Amino acid sequence: LVERLVARPGIVIVFGPSQSGKSWAVGNAMNDLVHGGGCFAGIEDCQIRPLVTKYGGDPDVVLWVYGSEDTAARIESRMRTSHYNGPHSFKATTPRTLLTATPPVGIMLGSPAGNLWLTQIIEQTHATIIVLDTISSLTAGAIDMSKGEHVGPFMGFLAGIRDGGGGRVIFLLAHSRKSGSDPKAQAASKADGLLGSGMWRALADAVIQIDAMDGQTGSVWVRSIKAKDIADPGPIPPVQVTLESPSARFRRLQEIADYVEATGALSADDGGKVLEIQPAKWKQYRLKTQENLLALGYPLLRGEWKRKVIR
């Protein structure tokens, strides 16, 4: 479905801080899917494969299921903004390819009534791509996201939907948990800790993290934590992207590469290359922390930034 990230069929968890762009990233991808393709979160080598294959005679349909955090008007407005600012803005949306729904009042997914409602609406709409936004708001009171004995049966229920035919893919959007101020706790709280239970990652087919940079959710890291059934994903390092507010579209940040090319800020060091960036330039090029540079392949070596591969 998404090269190097998501195989089909599958259960995909996309998690990160509130307001980090999870809904926009997945929403843009869904729009691009039904209109002819694109790339996930502006990452060129993560191409989205259009929904052109038909299963059982029925065309693919995206069903966006939202909880108490959103409204139908907000979801539809987001989809319109995504479409009109995307690469397929000149194309009309085929009717009944992008649908929205929310459970009846008092019905939560994870409960017998909620699971029955979801099963029935998927059958009614013939949906093959299902987005649950967010999983916490849709299951509140029915399951405890931090308890494996709750998560396991719910993921088993979703696996049944996934395997029900039609190459279904289910996206679960989840807020990451706060890791606190203890550096040790922060370092150990990624993935399983942020999701609340290791069962989420263990039972998912793909896990994608969208993590705020320096607390700024307009610019984020996109990380592939798990990509099951991908034939040869290759290494996917954290990719730095930014969400353009007016267009609600992501673009990959190229400031570091542009800076290197423009200034030639390289010098020899034991056969390697050292990238020398003046502190005054850090803000301009979004180089605010050591972690940012480390994630982009500039490990700290004797107090200098050394890039292993220049090109």
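From a predicted model like this one, the values you see are computed outputs, not experimental measurements. Values below: all heavy atoms of this structure, side chains included; hydrogens, waters and symmetry mates excluded.
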Closest non-hydrogen atom pair, [X] against [Y]:
{"X": "G114", "Y": "L109", "value": "O-CD2, 3.4 Å"}
{"X": "V169", "Y": "A7", "value": "CG2-O, 4.2 Å"}
{"X": "A204", "Y": "I13", "value": "CB-CD1, 3.8 Å"}
{"X": "V61", "Y": "T125", "value": "CG2-O, 3.8 Å"}
{"X": "T134", "Y": "S137", "value": "O-OG, 3.0 Å"}
{"X": "A248", "Y": "W24", "value": "CB-CZ3, 3.3 Å"}

Mind running side chain to side chain contact (heavy atoms under 4.5 Å, CB included) on V26 and V12 for me, showing each step along the way?
CA-CA 11 Å; V26 176; V12 185; over 6 Å; no

First locate atom [atom1] of [X], then atom [atom2] of [Y], and finally report the distance between them rounded to the nearest 0.5 Å.
{"X": "S224", "Y": "I230", "atom1": "OG", "atom2": "CD1", "result": "8.0 Å"}
{"X": "R251", "Y": "C39", "atom1": "CZ", "atom2": "SG", "result": "13.0 Å"}
{"X": "N31", "Y": "N85", "atom1": "CG", "atom2": "CG", "result": "10.5 Å"}
{"X": "Y66", "Y": "R74", "atom1": "OH", "atom2": "CZ", "result": "10.5 Å"}
{"X": "S20", "Y": "L243", "atom1": "OG", "atom2": "CG", "result": "9.5 Å"}
{"X": "F154", "Y": "I135", "atom1": "CZ", "atom2": "CD1", "result": "4.0 Å"}

Are [X] and [Y] packed together at the side-chain level, in the sense that at least one heavy-atom pair is separated by less than 4.5 angstrom?
{"X": "T139", "Y": "H150", "value": "no"}
{"X": "F15", "Y": "V207", "value": "yes"}
{"X": "L1", "Y": "L33", "value": "yes"}
{"X": "V241", "Y": "V220", "value": "yes"}
{"X": "D45", "Y": "E3", "value": "no"}
{"X": "H175", "Y": "P17", "value": "no"}
{"X": "D133", "Y": "F171", "value": "no"}
{"X": "M108", "Y": "I143", "value": "no"}

Which pairs, with at least one residue in residues 98-112 and sequence neighbours excluded, count as a side-chain hydrogen bond (donor to acceptor under 3.5 Å, both in side chains)?
none

Mind running side chain to side chain contact (heavy atoms under 4.5 Å, CB included) on F250 and I43 for me, showing each step along the way?
CA-CA 9 Å; F250 284 87; I43 306 171; over 6 Å; no

Begin with the C-alpha distance, continue with both residues' side-chain angles, and end with the deciding distance and a verdict on side chain to side chain contact (heavy atoms under 4.5 Å, CB included) for V6 and F40.
CA-CA 10 Å; V6 179; F40 184 82; over 6 Å; no

Look only at the side chain of [X] and the backbone of [Y], and say whether a donor-acceptor pair between them is shorter than 3.5 Å.
{"X": "T119", "Y": "N115", "answer": "yes"}
{"X": "T81", "Y": "S77", "answer": "yes"}
{"X": "R223", "Y": "I208", "answer": "no"}

Measure up the H88 and H35 rings against each other and bin them: parallel (under 30°), tilted (30 to 60°), perpendicular (over 60°).
parallel

Side chain to side chain contact (heavy atoms under 4.5 Å, CB included) partners of L203, counting only residues at least two apart:
M155, M199

Sequence neighbours excluded, the answer for side chain to side chain contact (heavy atoms under 4.5 Å, CB included) partners of A140 is none

Quick one: which of R162, K226, R8 gives a side-chain contact (heavy atoms from CB on, under 4.5 Å) with D205?
R162

